[in-house]
Asks: 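The structure under discussion is supplied below as structure tokens; questions concerning it will follow.
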2 protein chains.
Amino acid sequence: MQRCAPEAPLYEGELIEEGALFHALADPARLRILATLARADDERCVCDFTVGLALNQSTVSHHLKILKAAALVIGERRGTWGFYRLAPGARERIERALERTLPAAVRA
Amino acid sequence: MQRCAPEAPLYEGELIEEGALFHALADPARLRILATLARADDERCVCDFTVGLALNQSTVSHHLKILKAAALVIGERRGTWGFYRLAPGARERIERALERTLPAAVRA
DNA sequence: GCCGTGAATCGATGAATGTCAATGCAGGCC
DNA sequence: GGCCTGCATTGACATTCATCGATTCACGGC
């Protein structure tokens, strides 16, 4: 392969963390969970999602685990029920990841 | 299963399109391509990515196809070489998808 | 036309993922 | 204690995906 330009290094960052964060957002079921929590302003029971999404209970639990691993939600268990809420600063973390990838400020 | 609350519908939108958009961002190689294009302010040759990323040429082409399908980049072929640039409004589309999912304005 | 070159496409393969059924676990209630 | 209930975890399975090698395609130069 011959070069079409003398030199052209590309962005050096690895963006592994950003990829993992966006990956957690790459599923409609997880997005609906996040959208619901964002509009709730308080916690929601796990059974809400089991009923609302047309998904098995174990599948819902699986998605919640992924969202928790990505630090987008926080979960708490009280008695028999489990409650989840949006993690503080969840949107800000996504916005920062987006800013690191596609800076809004036009380049030099 | 018994309900922990009398009624609790969840977010009604399907968020399929948003999921597909975030999926395009859910890979470090694609993020590096986007980050490079965002900082370039003009087009970049495909061979740049083939050299820069430690990936096969066909793999790079595959990722570029995904980014193009997500309308995040636009590609053009001039002669033997192929050139890609960031699609106008790419960042805005992502921000709107984020806004639909996690509205910044606090809820009613 | 015939090569050479860069990029796109095809086919295959191994890994990761979403989903469900079954099981395990912790807490409440009798 | 024994049982029920809601959630988490495990195992299995089908699908999707990232990656590569080989092939094909489009263009330029001879």
Asks: What distance do B:Leu31 atom CG and B:Leu67 atom CG have between them, rounded to the nearest 0.5 Å?
Replies: 8.5 Å
Asks: For B:His23, what residues pass the side-chain hydrogen bond (donor to acceptor under 3.5 Å, both in side chains) criterion, not counting sequence neighbours?
Replies: none
Asks: Within this structure, what is the CG-to-P distance between B:Leu64 and C:dA7, rounded to whole angstrom?
Replies: 10 Å
Asks: Within the sub-3.5 Å range, which N or O atoms of nucleotides 1-3 of chain D have a protein N or O partner, and how far apart are they?
Replies:
none

Asks: Looking at residues 16-25 of chain A, who's got a heavy atom less than 4.0 Å off DNA chain D?
Replies: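 Listed by number, there are none.
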Asks: Would you please confirm or rule out a distance under 4.0 Å between OP1 or OP2 of C:dT9 and any side-chain N or O of B:Lys65?
Replies: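 Yes, within the criterion.
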Asks: Out of curiosity, B:Arg44 CZ to B:Phe83 CZ, how far, rounded to the nearest 0.5 Å?
Replies: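 B:Arg44 atom CZ to B:Phe83 atom CZ measures 11.0 Å (nearest 0.5 Å).
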Asks: Rounded to the nearest 0.5 Å, what separates atom CD1 in B:Ile33 from atom CG in A:Leu15?
Replies: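 B:Ile33 CD1 to A:Leu15 CG: 11.5 Å, rounded to 0.5 Å.
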Asks: What pairs with A:Thr59 under side-chain contact (heavy atoms from CB on, under 4.5 Å), at least two apart in sequence or on another chain?
Replies: A:Leu55, A:Asn56, A:His63
Asks: Please name the pair of heavy atoms, one in A:Pro28 and one in B:Ile16, separated by the smallest distance, quoted to 0.1 Å.
Replies: CG-CD1, 3.9 Å
Asks: Under the salt bridge (Lys or Arg N to Asp or Glu O under 4.0 Å) definition, can you give me all pairs with a residue in residues 15-28 of chain B, not counting sequence neighbours?
Replies: B:Glu18-B:Arg100
Asks: Determine the minimum heavy-atom distance between A:Gly52 and A:Arg32, stating which atoms define it.
Replies: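 Residues A:Gly52 and A:Arg32, closest heavy atoms: O-NH1, 4.4 Å.
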Asks: Could you tell me the separation between the CG atom of B:Leu53 and the P atom of D:dA18, rounded to a whole number of Å?
Replies: 14 Å
Asks: Supply the atom-to-atom distance B:Leu37 CG to B:Asp42 CG, rounded to the nearest 0.5 angstrom.
Replies: 9.5 Å
Asks: Within the structure shown, what part of the strands sits under 4.0 Å from A:Tyr84 by heavy-atom distance: base, sugar-phosphate, or nothing?
Replies: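 Touches sugar-phosphate only.
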Asks: Reading nucleotides 19-30 of chain D 5' to 3', which nucleotides get B (base under 4.0 Å from a protein heavy atom), which S (sugar-phosphate only), which -?
Replies: BBBB----S---
Asks: Pairs in or reaching into residues 63-79 of chain B: which pass salt bridge (Lys or Arg N to Asp or Glu O under 4.0 Å), with residues at least two apart or in two chains?
Replies: B:Glu43-B:Arg78, B:Glu76-B:Arg78
Asks: Would a hydrophobic clustering, with Ile, Leu, Val, Met, Phe, Trp and Tyr connected at side-chain separations under 4.5 Å, put B:Val60 with B:Ile66?
Replies: no
Asks: Let me confirm one number: the CG-OH distance from B:Leu34 to B:Tyr84, rounded to the nearest 0.5 Å.
Replies: 12.5 Å
Asks: If you look only at distance, which donor and acceptor atoms sit under 3.5 Å apart when one is on a side chain in residues 86-99 of chain B and the other is two or more places apart or in another chain?
Replies:
from: B:Arg91; atom 1: NE; to: B:Glu95; atom 2: OE2; distance (Å): 2.7
from: B:Arg91; atom 1: NH1; to: A:Glu99; atom 2: OE1; distance (Å): 2.9
from: B:Arg91; atom 1: NH1; to: A:Leu102; atom 2: O; distance (Å): 2.4
from: B:Arg91; atom 1: NH2; to: A:Glu99; atom 2: OE1; distance (Å): 3.3
from: B:Arg91; atom 1: NH2; to: B:Glu95; atom 2: OE2; distance (Å): 3.1
from: B:Arg93; atom 1: NH1; to: B:Ala70; atom 2: O; distance (Å): 2.7
from: B:Arg93; atom 1: NH1; to: B:Ala71; atom 2: O; distance (Å): 3.3
from: B:Glu99; atom 1: OE1; to: A:Arg91; atom 2: NH1; distance (Å): 2.9
from: B:Glu99; atom 1: OE1; to: A:Arg91; atom 2: NH2; distance (Å): 3.2
from: B:Glu99; atom 1: OE1; to: B:Ala104; atom 2: N; distance (Å): 3.4

Asks: Give the residues of residues 66-76 of chain A touching DNA chain C, defined as any heavy atom closer than 4.0 Å, sorted by residue number.
Replies: A:Ile66
